[in-house]
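Input: a single structure, listed below in C-alpha cells.
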Amino acid sequence: MALVTLSELLAQPAAASFMRGVLASGRFGNAYLLHGPPGVGKGTAALAFARALLCERAGGRREQAPAGAVALDDSCGTCNACIKTRSMQHPDLKFAFPVSGEERELDESIGEVHADMRSDPLHVFSYDKAASIRLSITRELLRELAFQPYEAPRRVVVMRDADRMREDQYSALLKSIEEPGAATVWVLTTSRLARLPATIRSRCQRVRLAAIGEATVREFLIERAAVDEKSARMLAALTGGNLARALELRGVNAVEQRDKALALLTPALANEPMATWKAAQGFMNFGRTGRETLRRAIEFHMLWLRDLLRTQVGAPRELLVHRDRENEIRRQAALVSPAELRRRLLVLEEALRAIEGNVTPELALFSAMTRVAGARVGEHQWPPHATARWDY
C-alpha cells in the first residue's frame with residue numbers, strides 16, 4: 001500500500017477535496033467513514049487523511065506550527081510526524097485491520113503486514129473470508145483511548161474494513177465513536193456499507209470514493225507497476241476498475257490465462273460433453289486450483305462477449321480488450337445475435353454467483369460452458385426475468 005498524501009490520491013478528486021477542506025477548517029468530526037467499491041483506495045485515503053491530521057504543519061496541528069508558518073491542508077511529508085507515519089511508527093496512529101490465524105500468532109501476523117507495507121509501496125491487503133478485526137485488538141484500542149496522546153494533540157484510529165467485526169464489538173465501539181473527546185478521531189473504511197450497523201453509520205461523516213476507470217487503472221499498471229501494455233489492458237478490463245485486484249494479479253500471465261479460459265468453450269460448441277468435462281477438470285487441476293482461478297476464467301468469457309457486443313455496434317478497435325484476436329471477434333460477432341449474447345452473459349453471471357456458494361468448481365465450470373454453448377433443448381429460451389435460474 002502506497003503511503004501518499006491527499007493530493008496524490010488516484011482518481012478521487014471529490015473525496016480528496018472534502019478531506020483537505022476539513023483540514024483547512026481546523027474543525028474535525030468524531031468519526032469519518034470512507035466507503036465505495038472495493039479496490040479504489042479507501043485504505044490509502046484513510047491513511048493519507050490520518051497522516052495529515054498528525055502532520056506538524058497541516059490543519060490538524062496548526063497550533064503547534066512554527067511562528068509564521070503557513071498551515072497546510074495536506075501532510076507536508078518532511079516533518080518528524082510525517083516521517084514516523086510513513087513508516088507506520090507514529091505512537092498516535094493506530095491502524096487496525098482484519099487478520100486470520102491463531103490468536104497466539106496475532107502480533108506476528110500484524111508485524112508481517114506492517115513490514116510488507118514498509119517494503120512494498122504497492123502492497124495489497126488480501127485475506128480469506130474468515131479474517132476479522134479481533135476482539136483483543138478493539139479492547140486494546142479502547143484501553144489506549146482512555147489516556148492522552150503521546151506526541152500529537154490528538155490520536156487517529158484508522159480501522160480498515162470495519163464491517164469485519166462481531167456485533168458485540170460494534171456495541172463496545174459505539175460510545176467511543178459517538179463521544180471520542182477532542183483527543184481522538186476515528187477513520188473507518190468499508191466496501192460493504194450495508195453490513196455496518198446503522199448506529200455506527202449514523203455517527204460518522206461519510207466520504208464516498210468513486211470507481212476508477214479502466215483507462216486510469218491501465219495507465220497506473222504500465223507506469224507504476226511495470227506491467228506490459230497488453231496485460232495491463234486485459235487486467236484493467238478484467239478487474240473492472242478494482243486497482244487493488246489488478247495489482248494482486250499483475251504477476252499472472254493474463255494473456256495465457258485468457259487463452260486457456262476461452263479454449264474451454266471449444267469442446268462445448270462441438271457438442272462433446274465428455275471432452276468438456278475433462279477440459280473443466282484439467283483447468284481446475286482436479287480440484288487443486290482455487291476458486292479465484294475459476295472466477296477469472298468466467299470473467300474472461302464475459303469480456304469476450306463484451307467485445308462481441310461492442311463490435312456489433314461499431315466500436316473502434318481501441319475499445320476491444322482482446323484486440324490481438326480482432327479477426328476472430330469480428331467473425332463471431334457476425335454470427336451471433338445481441339439477444340443470444342445477452343443470454344450467455346446471464347448464464348455467466350449466474351455461474352459467478354454459484355461460485356460463492358457450496359458448488360463444486362469443476363461442475364460449475366462444466367455447467368457454464370455447456371449452457372453458454374446452448375447444446376440443450378430450451379437453452380435459448382428467455383427466462384421470465386433477469387434473475388431467474390436455469391436448471392442444471
Side-chain angles (χ1 to χ4, degrees), residues 230-231 233-240 245-246 248-249 251-312 320-338 340-380 389-392:
K230 183 185 293 186
S231 296
R233 182 180 68 249
M234 205 163 297
L235 287 177
L238 180 67
T239 55
R245 189 177 175 218
E248 197 173 12
L249 296 177
V252 175
N253 189 327
V255 178
E256 181 181 349
Q257 289 282 322
R258 186 272 313 269
D259 293 340
K260 289 182 178 179
L262 296 181
L264 291 168
L265 193 57
T266 301
L269 289 172
N271 196 17
E272 298 177 358
M274 184 57 68
T276 304
W277 174 245
K278 289 182 178 179
Q281 286 185 308
F283 185 85
M284 297 305 300
N285 198 15
F286 297 92
R288 290 188 289 271
T289 301
R291 291 177 183 262
E292 177 62 26
T293 300
L294 173 56
R295 184 179 292 105
R296 286 203 302 271
I298 294 175
E299 288 172 345
F300 275 127
H301 280 274
M302 297 179 76
L303 288 177
W304 182 268
L305 295 178
R306 190 182 76 171
D307 277 355
L308 293 181
L309 284 169
R310 286 184 170 180
T311 300
Q312 289 180 343
L320 300 181
V321 176
H322 308 287
R323 66 185 67 163
D324 56 321
R325 297 175 63 169
E326 181 183 5
N327 293 335
E328 187 177 354
I329 289 173
R330 296 193 181 279
R331 184 174 63 254
Q332 289 190 20
L335 300 175
V336 186
S337 68
E340 171 61 13
L341 291 178
R342 187 183 175 192
R343 184 198 66 81
R344 294 182 184 183
L345 284 169
L346 289 173
V347 171
L348 295 175
E349 286 175 1
E350 186 189 6
L352 285 178
R353 292 194 297 271
I355 293 173
E356 302 300 329
N358 190 21
V359 177
T360 305
E362 295 94 327
L363 181 60
L365 185 58
F366 169 78
S367 175
M369 294 300 100
T370 302
R371 290 156 60 213
V372 165
R376 298 191 308 170
V377 175
E379 199 66 63
H380 291 272
R389 295 181 62 87
W390 286 272
D391 57 330
Y392 283 91

Could you tell me whether Arg295 and Glu349 have a side-chain N and a carboxylate O separated by less than 4.0 Å?
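No, this pair does not count.
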Whether Glu272 and Lys278 form a salt bridge (side-chain N of Lys/Arg under 4.0 Å from carboxylate O of Asp/Glu) is what I want to check.
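Looking at Lys278 and Glu272, the cut-off is not met.
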Side chains of [X] and [Y] in contact at under 4.5 Å (non-hydrogen atoms):
X	Y	answer
Val255	Asn253	yes
Ile329	Glu326	no
Arg306	His301	no
Asp324	His322	yes
Arg325	Leu262	yes
Leu345	Leu309	yes
Glu340	Ser337	yes
Gln281	Phe366	no

Please evaluate residues Glu350 and Arg344 with respect to the criterion salt bridge (Lys or Arg N to Asp or Glu O under 4.0 Å), reporting the C-alpha separation (whole Å), side-chain torsions for both, the decisive distance (0.1 Å), and the verdict.
CA-CA 10 Å; Glu350 186 189 6; Arg344 294 182 184 183; over 6 Å; no
Under 3.5 Å donor-acceptor, [X] side chain and [Y] backbone:
X	Y	result
Arg323	Leu320	yes
Gln312	Val336	yes
Thr276	Ala268	yes

Heavy-atom closest pair, residues [X] and [Y]:
X	Y	answer
Ile298	Ala351	CD1-CB, 3.7 Å
Leu303	Ala237	CD2-O, 3.7 Å
Phe283	Leu365	CD2-CD2, 3.9 Å
Leu265	Met369	CD1-O, 3.7 Å
Ala279	Leu264	O-CD2, 3.5 Å
Gln257	Val252	CG-CG1, 3.5 Å

Please lay out, stage by stage, how Arg296 and Arg258 fare under the test side-chain contact (heavy atoms from CB on, under 4.5 Å).
CA-CA 9 Å; Arg296 286 203 302 271; Arg258 186 272 313 269; over 6 Å; no
Report the C-alpha separation of Lys260 and Phe300 in whole Å, then their side-chain angles, then the decisive distance to 0.1 Å, and conclude whether the side-chain contact (heavy atoms from CB on, under 4.5 Å) test is met.
CA-CA 10 Å; Lys260 289 182 178 179; Phe300 275 127; over 6 Å; no
Please evaluate residues Glu362 and Trp277 with respect to the criterion side-chain hydrogen bond (donor to acceptor under 3.5 Å, both in side chains), reporting the C-alpha separation (whole Å), side-chain torsions for both, the decisive distance (0.1 Å), and the verdict.
CA-CA 8 Å; Glu362 295 94 327; Trp277 174 245; over 6 Å; no
